[in-house]
Amino acid sequence: ISEAITLHRPAPKADAQAQALDLLKRVGIPQDRSRAYPHELSGGMRQRVVIAMALANTPALVIADEPTTGLDSVARQEIVSLLRDLRERFGIRLILISHDKRFVRQVADRIAIMSDGRLSDVVDTLNESHDVAARGVPNPTAAHAAVLLGVSGVDLVFGGGQTWFGRGNAEHFALRHINMEVRQGESVGLVGKSGAGKTTLARVVMGLLHAKAGRIFFEGRDVSGMP
């Protein structure tokens, strides 16, 4: 964790280690386990460490791709509770990616359902259910807050051109005309079966893949194509 801090901003080693301990405390890892090796931690605790790493440089937006995969039901619920707590105490904005709609509903304000590279439906969990205990406490001002992330008309194509043998390589649309927003203080869930395009969209948002068409806006700036 301290390495993630020093890679992005200059800080003395002692300060970075102190910040790392504070992050571990935030995500529920006691100080006496801070020097444990990964194999000495449970699956749930290792996931908490990964979340601490994601928070190390106070990001404006956290993209959590299947954060409960491979965990048992108890550890899964612990991560749900942790994500809720981080939202409510520190105002973290989230995009949650999962095939498990029930898990996402417990944390997200809105659920965007993906299928075959398209957004097929958007569910507002604030109006869908009045069971606050089951969902956590959402931010009621999120619907009127400024837009943090905007995705406008994004298409992504894999393939095209020719293979090594000179044959045409058919194009495959991984994303088709995706439009979505994440507002300040809001959590949005991306739900869909494997291959629906959830992780691909996250990689486009992070700049790891470049869309064939469309624009990505972050805090009002066009960041399309930025490294």
Side-chain angles (χ1 to χ4, degrees), residues 27-28 43-44 46-55 59-143 145 147-151 154 174-176 178-206 216 218:
V27 299
R46 288 197 295 269
Q47 195 69 305
R48 287 170 181 266
V49 173
V50 171
I51 292 171
M53 291 177 67
L55 301 178
L61 177 70
V62 174
I63 300 176
D65 192 347
E66 299 284 7
T68 60
T69 295
L71 301 181
D72 60 44
S73 58
V74 173
R76 210 163 36 235
Q77 195 56 45
E78 288 177 352
I79 296 301
V80 168
S81 299
L82 173 62
L83 291 173
R84 283 183 190 159
D85 184 56
L86 291 172
R87 277 198 63 196
E88 292 162 15
R89 284 200 295 154
F90 304 110
I92 291 170
R93 302 89 164 181
L94 290 169
I95 294 180
L96 293 174
I97 298 173
S98 179
H99 63 278
D100 186 348
K101 187 176 178 181
R102 184 170 60 179
F103 154 65
V104 173
R105 184 182 282 114
Q106 294 181 72
V107 182
D109 300 309
R110 288 185 293 132
I111 300 174
I113 300 171
M114 293 194 69
S115 178
D116 297 324
R118 294 181 172 92
L119 284 180
S120 59
D121 195 13
V122 178
V123 178
D124 185 345
T125 60
L126 302 183
N127 297 322
E128 181 188 49
S129 168
H130 297 288
D131 185 3
V132 174
R135 295 188 282 102
V137 181
N139 183 347
T141 64
V147 174
L148 177 70
L149 173 72
V151 178
V154 165
L175 299 174
R176 289 180 181 267
I178 301 293
N179 296 286
M180 65 176 290
E181 291 180 345
V182 179
R183 295 180 177 272
Q184 295 281 0
E186 182 181 43
S187 289
V188 174
L190 283 178
V191 176
K193 65 182 181 180
S194 180
K198 307 180 300 295
T199 298
T200 300
L201 177 56
R203 289 170 67 86
V204 171
V205 167
M206 292 188 293
I216 306 293
F218 189 76

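Please read these numbers as outputs of a predicted model, since none were measured by experiment.
Here R48 pairs with V27, I29, E78, I79, L82 under the side chain to side chain contact (heavy atoms under 4.5 Å, CB included) rule; sequence neighbours left out. Evaluation of the side chain to side chain contact (heavy atoms under 4.5 Å, CB included) rule for D121 yields I113, V123 as partners, not counting sequence neighbours. Evaluation of the salt bridge (Lys or Arg N to Asp or Glu O under 4.0 Å) rule for D116 yields no partner, not counting sequence neighbours. Residues satisfying the side chain to side chain contact (heavy atoms under 4.5 Å, CB included) criterion with T199, sequence neighbours excluded, are D65, I97, R203. With sequence neighbours excluded, no residue satisfies salt bridge (Lys or Arg N to Asp or Glu O under 4.0 Å) with E66. When the side chain to side chain contact (heavy atoms under 4.5 Å, CB included) test is applied to V147, the partners found at least two apart in sequence or on another chain are E181, R183.
For the pair V151/V182, no side-chain contact is recorded, criterion being any heavy-atom separation below 4.5 Å from C-beta on. Using a 4.5 Å cut-off on side-chain heavy atoms (C-beta onward), V107 and L94 make contact. Contact of the I51 side chain with the L86 side chain is registered, since non-hydrogen atoms from C-beta on lie closer than 4.5 Å. The shortest side-chain heavy-atom distance between Q47 and P67 falls under the 4.5 Å cut-off. Side-chain contact check for M180 versus L201: some heavy-atom pair is nearer than 4.5 Å. Contact check for M114 versus T200: no side-chain heavy atoms found under the 4.5 Å cut-off. With a 4.5 Å cut-off on side-chain heavy atoms, E186 and R93 do not count as touching.
Of all heavy-atom pairs spanning S115 and S120, the tightest one is CB-OG, 4.3 Å. In terms of heavy-atom proximity, V104 sits nearest to S98 at CG2-CB, 3.7 Å.
Taking CD1 from I111 and CZ from R105, the interatomic distance works out to 5.0 Å, rounded to the nearest 0.5 Å. For the atom pair CD (Q77) and CG (D72), the distance works out to 11.5 Å, reported to the nearest 0.5 Å. Between Q106 atom CD and R84 atom CZ the span is 5.0 Å, to the nearest 0.5 Å. Taking CG of L119 as the reference point, atom NZ of K198 lies at 12.0 Å (rounded to 0.5 Å). In this structure, L83 CG and F103 CZ are separated by 5.5 Å, a value rounded to the nearest 0.5 Å. Residue L190 holds its CG atom at 8.5 Å from CG of L96, rounded to the nearest 0.5 Å.
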After noting the C-alpha distance and the side-chain angles of D100 and T68, does the key distance pass the side-chain contact (heavy atoms from CB on, under 4.5 Å) rule?
-> CA-CA 10 Å; D100 186 348; T68 60; 5.6 Å; no

